[in-house]
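First comes the structure, then the notes that go with it.
Just so it is clear: chains get the letters A, B, ... in the order the sequence lines come, proteins before strands, and each one is counted from 1.
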Amino acid sequence: MTDDKALTPRSEDFSAWYNEVVQRAELADHSPVRGSMVIRPWGYGIWENMQRALDDMFKETGHENAYFPLLIPMSFIEREKEHVEGFKPELAVVTHAGGKELDEPLVVRPTSETVIYAMYAKWVQSYRDLPILLNQWANVIRWELRTRLFLRTSEFLWQEGHTAHATDEEAQEETLRMLGVYRRFMEEWIAMPVVTGLKSDSEKFAGAVRTYTCEAMMQDLRALQAGTSHHLGQNFSRQFDLTFQTEHGEEEYAWNTSWGVSTRLVGAMVMTHGDDAGIVVPPKLAPVQVVIVPIYRKEDQRAAVVEKAEELKTRLGEQGMRVRVDDRDHLNPGAKFYEWERKGVPFRIEVGPRDLEKGQVVLVKRVTAEGEDRKEFLPEGQAVAELSARLDAFQKELLERARARRETHSHRGAGSIEEVGEILDSSGGFVYTGWSGDPSVEERIKAETKATLRCIPDPDFRSETPPERCVGGERATSEVLWARAY
RNA sequence: CGGGACGUGGCGCAGUCCGGUAGCGCACUGCAAUGGGGUUGCAGGGGUCGCCGGUUCGAAUCCGGCCGUCCCGACCA
């Protein structure tokens with residue numbers, strides 16, 4: 001446990017704030033191995049809630065879970081040309097086992113396309129075997145040079161969905177369906193608005209035909225890629241002989257998709273909602289949604305107050321809320337308040353002797369808007385009746401707050417590369433412009449402004465009047481989103 | 001992987017220049033009081049000074065190598 005009372009304010013040094021808050025909220029810690037992390041119970045609890053929600057959504061869209069092995073033959077990774085080029089530098093390779101050098105090195109999976117499609121090839125003969133709709137929850141390793149807890153670590157946890165379809169159209173539909181699932185999850189559960197869209201060729205997944213992305217804006221106004229969904233075409237099918245016989249008797253290669261989100265989402269949540277007091281966990285993800293802090297002086301008071309706290313916990317728990325009574329005796333109430341705020345618990349209830357007399361409780365929301373009372377004194381019955389609805393309302397407030405911030409910092413109508421740079425330097429955020437599709441414009445923006453092409457936004461996010469000119473000067477064929485990114 | 005900074009009880013640091021065997025604050029343990037926003041008092045415990053090697057009668061301190069963390073750049077869920 002650390003002693004420093006206050007965190008570095010976000011305005012002073014956002015990345016110092018992030019590093020401190022992740023550790024002091026007890027989300028994660030550095031492991032003895034460079035670049036990898038230990039996810040602590042509070043952080044893992046949040047991840048488990050994310051997993052559960054996503055897993056339900058995957059099941060609802062017809063997917064099943066399976067598990068494929070950690071180790072992949074080197075030759076598999078090497079089979080798809082772009083894929084191997086994309087991953088080669090960050091592979092961890094097992095060369096020795098059982099005290100001997102292996103005949104063929106084994107790669108610790110950086111992602112599982114190759115094994116999975118090799119297996120699908122064994123399982124699929126006819127169009128009747130399609131589609132295959134599988135997902136796996138797994139760890140992967142990518143040897144990163146520069147790491148940060150949750151945002152980029154050498155080992156991370158994620159889910160990877162892998163599907164095989166009889167037609168291009170069906171695979172395309174699946175790719176977009178799962179992108180939509182991600183968007184809904186990020187908005188409804190993380191309370192994090194995203195811009196969805198298509199990646200440019202230079203930013204797409206190594207081995208994909210098309211990559212779609214969810215891009216979120218963090219509080220330092222940088223973009224974070226929060227999830228991706230790939231249409232893999234027949235690239236992997238061809239390399240792994242994933243063929244099937246059509247209803248007309250012809251042999252064809254299957255069409256694949258893959259899609260994933262990772263523990264990076266925990267970092268995204270921290271950078272979307274956290275404040276100078278700590279992290280803020282949206283109610284739907286919070287391992288503890290309501291913490292009850294008993295207040296007392298004498299022993300007899302303590303017994304009465306803790307009994308009331310336990311009773312409240314039971315009554316709220318019966319409504320499905322996750323509640324904890326903090327009856328630790330060696331900390332005074334103030335210390336508990338600070339601790340649970342740092343950990344982002346949405347609501348706190350204080351119960352003391354005075355409340356017992358009056359039949360009331362004190363309710364405190366983790367984030368209060370300007371002008372809103374910090375502490376509310378509510379009749380006990382009202383608090384019990386309303387808390388569930390208040391959690392829902394808080395969840396919505398967080399989303400709206402984040403959306404408003406993103407809109408405030410989204411800029412449309414920039415006409416030149418210089419203008420893009422000026423906007424990024426003066427205010428930062430998302431910049432929408434026209435684009436001709438010319439990769440050299442992308443390179444110039446990157447070189448001159450450090451911003452990257454985050455995506456070609458989906459219709460929901462495009463400007464009302466499409467830009468006519470590319471920032472490079474030519475005629476625009478699409479609208480794109482630029483930002484400095486993580 | 002290049003440039004820079006740092007590494008001393010759990011955390012934050014002083015001591016390093018000028019070598020003489022380790023200190024401060026917080027945290028932790030015990031007791032008592034306190035308890036509605038980080039509570040006091042008293043009494044305690046805990047450190048092969050990142051690791052390995054060298055110089056020296058003697059190394060936290062000087063030298064070499066390695067490892068790790070952070071910041072800045074090139075690559076990335």
Side-chain angles (χ1 to χ4, degrees), chain A residues 1-6 8 13-16 18-20 23-24 29-37 85-91 110-111 138-160 182 199 202-206 211 213-216 223-230 258-268 277-278 293-299 301-302 305 327-342 348-356 358 360-364 374-375 377 446-447 450 452 485-486:
Chain A
M1 208 174 289
T2 51
D3 164 58
D4 302 323
K5 303 286 187 204
T8 300
D13 184 343
F14 191 80
S15 90
Y18 178 82
N19 293 335
E20 288 172 25
Q23 293 205 49
R24 292 196 46 210
D29 204 347
H30 294 279
S31 88
V33 175
R34 175 193 164 72
S36 57
M37 68 170 166
E85 276 175 21
F87 281 110
K88 199 91 190 215
E90 33 187 290
L91 291 181
T111 178
N139 57 339
V140 289
I141 286 196
R142 299 178 187 176
W143 214 251
E144 297 292 348
L145 303 176
R146 203 168 160 181
T147 60
R148 300 190 71 192
L149 294 175
F150 290 111
L151 301 177
R152 179 164 297 105
T153 48
S154 291
E155 178 182 359
F156 57 89
L157 304 183
W158 77 344
Q159 61 63 219
E160 44 181 326
Y182 286 157
K199 283 288 188 189
S202 71
E203 299 276 339
K204 75 175 163 65
F205 173 70
T211 291
T213 180
C214 296
E215 297 287 324
L224 183 80
Q225 181 176 307
T228 46
S229 184
H230 316 288
S258 71
W259 25 275
V261 297
S262 72
T263 38
R264 174 181 259 197
L265 290 175
V266 177
V293 178
I295 315 281
Y296 51 83
R297 293 167 195 256
K298 307 265 159 34
E299 267 310 302
Q301 287 180 331
R302 178 175 187 205
V305 159
D327 60 356
R328 291 175 295 177
D329 194 33
H330 65 285
L331 293 177
N332 75 4
K336 295 178 185 177
F337 300 165
Y338 279 104
E339 179 175 330
W340 291 112
E341 279 168 12
R342 195 160 54 236
R348 172 176 84 238
I349 291 176
E350 303 170 20
V351 208
R354 295 207 296 268
D355 304 312
L356 250 48
K358 296 181 194 167
Q360 68 174 24
V361 298
V362 177
L363 186 66
V364 184
R374 187 159 163 69
K375 292 201 178 189
F377 299 83
K446 196 170 177 178
K450 300 213 172 94
T452 47
Y486 274 91

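Pair check for G46(B) finds none; no Watson-Crick or G-U wobble contact set falls under 3.5 Å. Look at U16(B): it lacks any Watson-Crick or wobble partner with both distances under 3.5 angstrom. Within the shown strands, nothing qualifies as a pairing partner of A27(B) under the Watson-Crick or G-U definition with both distances less than 3.5 Å. Base pairing annotation: U69(B) forms a Watson-Crick or G-U wobble pair with A5(B), both donor-acceptor distances under 3.5 Å. With a cut-off of 3.5 Å on both pairing distances, U56(B) has no Watson-Crick or G-U wobble partner at all.
The gap from the P atom of C11(B) to that of U69(B) amounts to 15 Å, rounded to the nearest Å. With both ends at atom C1', the span from G50(B) to U8(B) equals 10 Å, rounded to whole Å. Taking atom P in both U61(B) and G9(B), one finds a spacing of 15 Å when rounded to whole Å. To the nearest whole angstrom, the two P atoms, one in G41(B) and one in C57(B), are 49 Å apart.
Contact annotation for Thr228(A): no contact, since no heavy-atom pair falls under 4.0 Å across all strands. Among the atoms of the strands shown, none is found under 4.0 Å from any heavy atom of Lys336(A). Heavy atoms of Thr153(A) sit under 4.0 angstrom from at least one base atom. Residue-level contact check: Gly267(A) touches neither bases nor backbone, having no heavy atom under 4.0 Å from any strand. Counting any heavy atom pair closer than 4.0 Å across all strands shown, Val362(A) reaches a base atom. Looking at heavy-atom distances under 4.0 Å, Glu90(A) makes contact with sugar-phosphate atoms alone, never a base. No engagement by Asp29(A) is indicated, since no non-hydrogen atom pair under 4.0 Å with the nucleic acid exists. As judged by a 4.0 angstrom heavy-atom cut-off over every strand, Leu151(A) is placed among the base-contacting residues. Counting non-hydrogen atoms under 4.0 angstrom, Pro89(A) reaches nothing in the nucleic acid. Residue-level contact check: Gln225(A) touches the backbone only, with heavy atoms under 4.0 Å from sugar-phosphate atoms and none from bases.
Ion pair Arg142(A)/Glu155(A) not flagged as a salt bridge, since none of the NZ, NE, NH1 or NH2 atoms sits closer than 4.0 Å to an Asp/Glu carboxylate oxygen.
Side-chain contact check for Ser258(A) and His230(A): no donor-acceptor pair (N or O, by modelled atom type) lies under 3.5 Å. Judged by distance alone, the side chains of Tyr296(A) and Asp329(A) do bring a donor and an acceptor atom under 3.5 Å apart. Looking only at atom types and distance, the side chain of Glu144(A) has no donor-acceptor partner in the side chain of Ser154(A) under 3.5 Å away. Residues Ser36(A) and Ser31(A) bring a donor and an acceptor atom of their side chains to less than 3.5 Å of each other.
Of the candidate nucleotides G37(B), A74(B), G36(B), G37(B) has the atom lying nearest to any side-chain atom of Arg348(A). Comparing atom distances between the Arg264(A) side chain and each of U69(B), A77(B), G37(B) picks out A77(B) as nearest. Here the side chain of Tyr296(A) is nearest to one of G36(B), G35(B), A77(B), namely G35(B). Counting only heavy atoms from C-beta on, Leu145(A) has its side chain closest to C1(B) among G38(B), C1(B), G73(B). Nearest to the side-chain atoms of Arg146(A) among the listed nucleotides G73(B), G36(B), A77(B) stands G73(B). Looking at the side chain of Asp329(A), the nearest of the listed nucleotides G35(B), G37(B), C75(B) is G35(B). Nearest nucleotide to the Arg374(A) side chain, out of G37(B), G35(B), C71(B): G37(B).
Between Ser15(A) and the phosphate of C71(B), there is a side-chain N or O to OP1/OP2 separation shorter than 4.0 Å. A close approach under 4.0 Å does not occur between any side-chain nitrogen or oxygen of His330(A) and OP1 or OP2 of U29(B). For the pair Asn19(A) and U69(B), the criterion of a side-chain N or O lying under 4.0 Å from OP1 or OP2 is not met.
The base of G36(B) is not paired with the side chain of Arg297(A) by any donor and acceptor separated by under 3.5 Å. Taking only distance into account, the side chain of Glu339(A) never meets the base of G38(B) through a donor-acceptor pair shorter than 3.5 Å.
Applying the 5.5 angstrom centroid cut-off and the 30 degree plane-angle cut-off, the aromatic ring of Tyr338(A) is not stacked upon the base of G37(B).
Nearest-nucleotide positions on RNA chain B place Ser31(A) closer to the 5' end than the other of Ser31(A) and Ser202(A).
For Phe14(A), the ring pair (Phe, Tyr, Trp, His ring centres under 6.0 Å) partners two or more places apart in sequence, or in a different chain, are Trp17(A).
Note that OG1 of Thr213(A) is 14.5 Å distant from NZ of Lys204(A), once rounded to the nearest 0.5 Å.
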Item to check | Contact pattern, 5' to 3', of nucleotides 41-47 of chain B - B, S or - by protein heavy atom under 4.0 Å | outcome: -------
